[in-house]
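What follows is a set of notes on a single structure, which appears directly below.
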Amino acid sequence: MSQLNIAVAGASGRMGRMLIETIQNADDAKLVGALDVPQSPALGTDAAAFLGKPAGVTIESDLAKALANAEFLIDFTRPEGTLKHLEYCAAHGIKVIIGTTGFDEAGKAAIATAAQKTAVVFAPNMSVGVNVTLKLLEMAAKSFSHGYDIEIVEAHHRHKVDAPSGTALKMGEVIASALGRNLDDVAVYAREGVTGERDPSSIGFATIRGGDIVGDHTVLFAGIGERIEISHKSSSRFSYAQGSVRAARFLADKKTGLYDMQDVLGLK
């Protein structure tokens with residue numbers, strides 16, 4: 001496989017730096033661009049300076065400059081920023097790996113439209129472990145389709161701006177689909193006061209925000225006399241970064257199309 005020339009959006013953020021470190025340590029990848037918001041104090045600095053080994057890549061706010069040499073853009077920013085970046089990439093044939101969460105239906109539709117012009121991997125979680133967990137949840141849901149109440153509990157750091165997490169919602173979608181339900185019809189996102197008896201067809205969500213929790217997700221299948229819990233806990237963003245570079249490798253021979261990590265991992 002030829003070298004993967006990758007740019008990173010949100011280059012000075014926590015996830016951006018983890019992506020840059022992972023790319024710098026990959027034998028088949030090279031950091032060729034770094035993008036950040038116009039108000040970032042990191043603009044004009046070397047994107048890998050924090051590693052003590054400069055990459056010779058300056059952090060830019062101008063899309064044309066940041067993506068001039070890029071074949072791929074990895075983006076874990078905010079929906080509004082990601083969609084702006086995606087529009088540019090689609091127009092210039094740059095492939096995109098999107099780990100951003102919190103898109104509304106219009107945003108998801110825009111991603112699908114862009115994928116007609118360039119290749120896109122769009123997944124709420126790039127971790128290999130999380131995506132294997134999604135497959136396990138699909139299998140479990142089919143076995144626990146009757147007599148088990150389903151609850152999804154997720155915890156993230158205090159800076160996360162969307163809730164429930166994109167991963168928790170994806171878990172709910174996978175489970176609902178396996179049960180022949182539509183998540184929009186059965187999801188319960190809040191409980192307060194006298195709520196009445198639990199609807200056995202519902203899928204409940206609980207959200208925790210605090211400290212520096214990278215990302216914990218647990219799905220509880222609660223039956224009579226037993227409980228089954230399937231959990232994934234992230235202690236580092238490294239797994240997300242590794243999965244993102246793996247997604248770039250997957251897109252290397254793709255020109256257009258919308259894919260997710262289940263495609264990347266061959267789990268479909």
Side-chain angles (χ1 to χ4, degrees), residues 6-20 22-23 33-40 42 47 59-61 63 66-67 70 72-91 94-115 117-128 130-131 134 154 156-173 207 209 213-215 217 234 236-248 250-251 257-264:
I6 304 174
V8 172
S12 66
R14 294 182 297 273
M15 190 63 216
R17 288 190 167 192
M18 182 58 73
L19 286 164
I20 288 168
T22 302
I23 293 165
L35 183 65
D36 220 326
V37 293
Q39 62 269 32
S40 172
I59 298 177
E60 306 278 359
S61 62
L63 280 167
L67 302 180
F72 306 87
L73 174 66
I74 303 179
D75 195 320
F76 281 74
T77 57
R78 299 283 179 87
E80 59 276 14
T82 298
L83 292 175
K84 178 182 175 182
H85 304 158
L86 180 61
E87 182 180 10
Y88 182 91
C89 289
I94 300 168
K95 302 169 187 181
V96 188
I97 296 93
I98 300 173
T100 305
T101 61
F103 290 99
D104 57 19
E105 291 306 313
K108 293 175 183 177
I111 292 170
T113 299
K117 297 180 179 179
T118 191
V120 178
V121 169
F122 172 41
N125 196 305
M126 294 289 174
S127 158
V128 173
V130 161
N131 284 279
L134 292 174
E154 61 99 341
H156 281 84
H157 52 88
R158 64 173 61 144
H159 302 293
K160 187 167 179 61
V161 298
D162 57 309
S165 71
T167 302
L169 291 171
K170 183 64 176 179
M171 288 176 166
E173 290 171 1
T207 295
R209 293 288 178 266
I213 303 169
V214 175
H217 296 85
S234 294
S236 167
R237 293 176 178 81
F238 181 59
S239 62
Y240 307 152
Q242 273 193 317
S244 299
V245 174
R246 189 163 174 173
F250 172 82
L251 288 183
L258 180 59
Y259 307 92
D260 61 19
M261 284 301 289
Q262 301 286 304
D263 294 305
V264 173

Just jot down the side-chain contact (heavy atoms from CB on, under 4.5 Å) partners of [X], sequence neighbours excluded, or say none.
X	result
Ala9	Leu35, Leu73, Asp75, Thr77, His85
Glu87	none
Ala119	Lys95, Leu251, Lys254
Ala91	none

Which atom names give the shortest non-hydrogen contact between [X] and [Y], and what distance separates them?
X	Y	value
Ile6	Ala248	CD1-CB, 4.2 Å
Thr207	Pro164	OG1-CA, 3.8 Å
Ala7	Leu67	CB-CD2, 3.5 Å
Thr118	Ala90	CG2-CA, 3.9 Å
Ala168	Ser165	N-OG, 3.0 Å
Ala66	Ala34	CB-O, 3.7 Å

Q | Sequence neighbours excluded - salt bridge (Lys or Arg N to Asp or Glu O under 4.0 Å) pairs with any residue from residues 100-115 | A | Glu105-Lys108
Q | Partners passing salt bridge (charged side-chain N to carboxylate O under 4.0 Å, His left out) against Lys160 (at least two apart in sequence or in another chain) | A | Asp162
Q: Go through the steps to decide whether Phe76 and Arg237 satisfy the test side-chain contact (heavy atoms from CB on, under 4.5 Å), and finish with yes or no.
A: CA-CA 11 Å; Phe76 281 74; Arg237 293 176 178 81; over 6 Å; no
Interatomic distance, [X] atom [atom1] to [Y] atom [atom2] [nearest 0.5 angstrom]:
X	Y	atom1	atom2	answer
Thr22	Ile74	OG1	CD1	8.5 Å
Lys117	Cys89	NZ	SG	12.5 Å
Ile94	Leu63	CD1	CG	8.5 Å

Please check this pair: side chain of [X] against backbone of [Y], looking for a donor-acceptor N/O pair closer than 3.5 Å.
X	Y	value
Asp260	Asp263	yes
Thr101	Pro124	no
Asn125	Gly166	no

List in chain and number order the residues that pass ring pair (Phe, Tyr, Trp, His ring centres under 6.0 Å) with [X], two or more places apart in sequence or in another chain; answer none if no residue qualifies.
X	value
Phe122	Phe103
Tyr88	His92
His217	His156

Side-chain donor-acceptor pairs of residues 238-246 under 3.5 Å, sequence neighbours excluded:
{"unit_1": "Tyr240", "atom_1": "OH", "unit_2": "Ser234", "atom_2": "OG", "d": "3.1"}
{"unit_1": "Ser244", "atom_1": "OG", "unit_2": "Tyr240", "atom_2": "O", "d": "2.8"}

Q | side-chain contact (heavy atoms from CB on, under 4.5 Å) between Ile97 and Met126, worked out | A | CA-CA 9 Å; Ile97 296 93; Met126 294 289 174; 3.3 Å; yes
Q.
Any heavy-atom pair between the side chains of Val161 and Arg78 that's under 4.5 Å?
A. yes
(Q) Tell me every residue that passes side-chain hydrogen bond (donor to acceptor under 3.5 Å, both in side chains) with Arg209, counting only those two or more places apart in sequence or in another chain. (A) Glu154
